[in-house]
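Quantities reported herein were computed from a predicted structural model and do not represent experimental measurements. Each ligand, and each atom within it, is numbered from 1 in the order the structure gives.
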Amino acid sequence: MRNPLSKTITGIKPSGIRKYFDIVTEMNDPDVISLGVGEPDFDTPWHIREEGIYSLEKGRTFYTSNSGLKELREEISNYTYRHLGVSYDPVHEIIVTVGGSEAIDIGLRAMLDPGDEVLIPMPGYVSYVPCTTLAGGVPVIINLKEENEFRLTKEEVLEALTPKTKVLILPYPNNPTGAIMERKDLEAIAEVCIENDIYVMSDEIYGALTYGVEHVSIAALPGMKERTILINGFSKAFAMTGWRLGYACGPKVILEQMTKIHQFAIMCAPTTSQYAAVEALRHGDEDVERMREAYDQRRKFLVHTFRKMGLECFEPFGAFYVFPSIKSLNMTSDEFAQELLMAEKVAVVPGTAFGDCGEGFLRISYAYSLEELKEATDRIARFVQFKQEQIAGELL
Ligand SMILES: Cc1ncc(COP(=O)(O)O)c(C=O)c1O
């Protein structure tokens with residue numbers, strides 16, 4: 001029989017995050033605390049859920065237009081203007097998708113021809129590299145540096161550029177590092193993109209979750225709206241992961257082609273979720289603020305606690321992750337994660353799940369209650385102390 005599988009897809013590695021979830025599930029031990037999950041621990045605010053329920057009661061159980069409910073696209077347009085200062089035409093420049101995930105996928109498919117290069121800063125979200133490959137593009141990894149607080153610099157982009165570079169993925173606020181880019185950082189990148197005629201896919205799914213700094217979109221900088229696809233969604237800011245709703249905003253010519261792929265593969269995003277999302281954008285700002293304040297408290301607690309353990313931990317100003325370094329413990333991220341899980345029953349994700357340059361780091365999610373974080377960090381501190389004493393003993 002012929003091999004039924006495509007070489008492209010068999011060549012893609014499964015997500016490194018899943019490995020730890022699978023181990024935890026197999027352990028089936030109620031004492032295990034997982035700090036591995038990248039989704040809010042909050043329930044979707046009740047008034048948003050109610051709007052979903054109401055839409056079902058009203059019998060709104062049909063397809064919407066391919067690009068999404070008109071009133072939702074109008075609210076997205078208002079939201080991006082209100083929060084980012086960029087205005088998009090709801091008819092031609094916005095598409096509602098199945099999570100930010102689908103928006104990333106169809107955005108890359110719409111822009112790439114075989115051999116086109118995509119600059120992907122790492123550590124970064126797990127889907128950028130496989131989606132680039134699936135779209136026929138060539139991923140070119142830019143290894144971000146801890147000494148730059150994992151920001152992307154103009155020099156790093158210039159070094160990675162070739163005549164085949166077509167798209168730069170800009171993943172800020174970042175999963176897994178929690179790094180952000182400020183206006184001056186983005187201005188430098190925008191200059192390179194304009195000079196070298198590069199398009200940007202700016203994944204701003206954590207844009208509503210920054211702490212003490214304003215989130216700036218590269219699309220808001222002069223000359224950038226026409227070369228940027230803005231990715232966003234409801235999963236993180238509104239605690240709506242299971243509703244599977246996201247969106248992309250960008251130039252009409254690209255959005256038209258994205259809509260074509262979406263039309264044939266998906267038809268439209270879930271109707272109930274779209275009605276709920278209208279309510280989220282109209283009346284959800286206070287909920288987002290309430291959750292953001294809780295995340296901020298947890299963030300400060302974790303940075304302080306990891307530093308107290310003697311581990312280096314740069315202060316992240318976005319998303320809901322901290323990225324402490326375990327380099328001083330002479331073990332790999334994978335060894336640390338495995339041994340910690342066995343010894344103390346705490347699951348964390350090794351930095352290498354987000355690219356090779358994540359070696360020596362752990363991704364710790366703070367989408368957990370402070371009580372859980374306190375218990376988990378007590379256990380981690382015990383494990384780290386044991387390792388530190390082992391190293392000190394070897395030195396004697
Ligand atoms: C950086 C980033 N982008 C996009 C996504 C996709 O989110 P969703 O498809 O739930 O909108 C995630 C999910 O974890 C993420 O971390």
N/O donor to acceptor pairs below 3.5 angstrom from side-chain atoms of residues 104-111, sequence neighbours left out:
unit_1	atom_1	unit_2	atom_2	d
D105	OD1	R109	NE	3.0
D105	OD1	R109	NH2	3.4
D105	OD2	R109	NE	3.3

Ring-ring centroid check Y211 F317, cutoff 6.0 Å: no
Qualifying residue for ring-ring contact (aromatic ring centres under 6.0 Å, His included) with Y206, from Y295, Y321, Y172: Y321
Backbone N/O of P90 and side chain of R73: donor-acceptor pair under 3.5 Å: yes
Shell of residues surrounding ligand 1, defined by a 4.0 angstrom heavy-atom cut-off that is strict: G99, G100, S101, I104, Y125, Y128, N175, D203, I205, Y206, S235, K236, R244
Quiz item: cation-pi between R299 and F320, 6.0 Å / 45°: no
Chi angles and distances behind the side chain to side chain donor-acceptor pair (under 3.5 Å) call for E117, T162: CA-CA 8 Å; E117 292 182 359; T162 77; 2.8 Å; yes
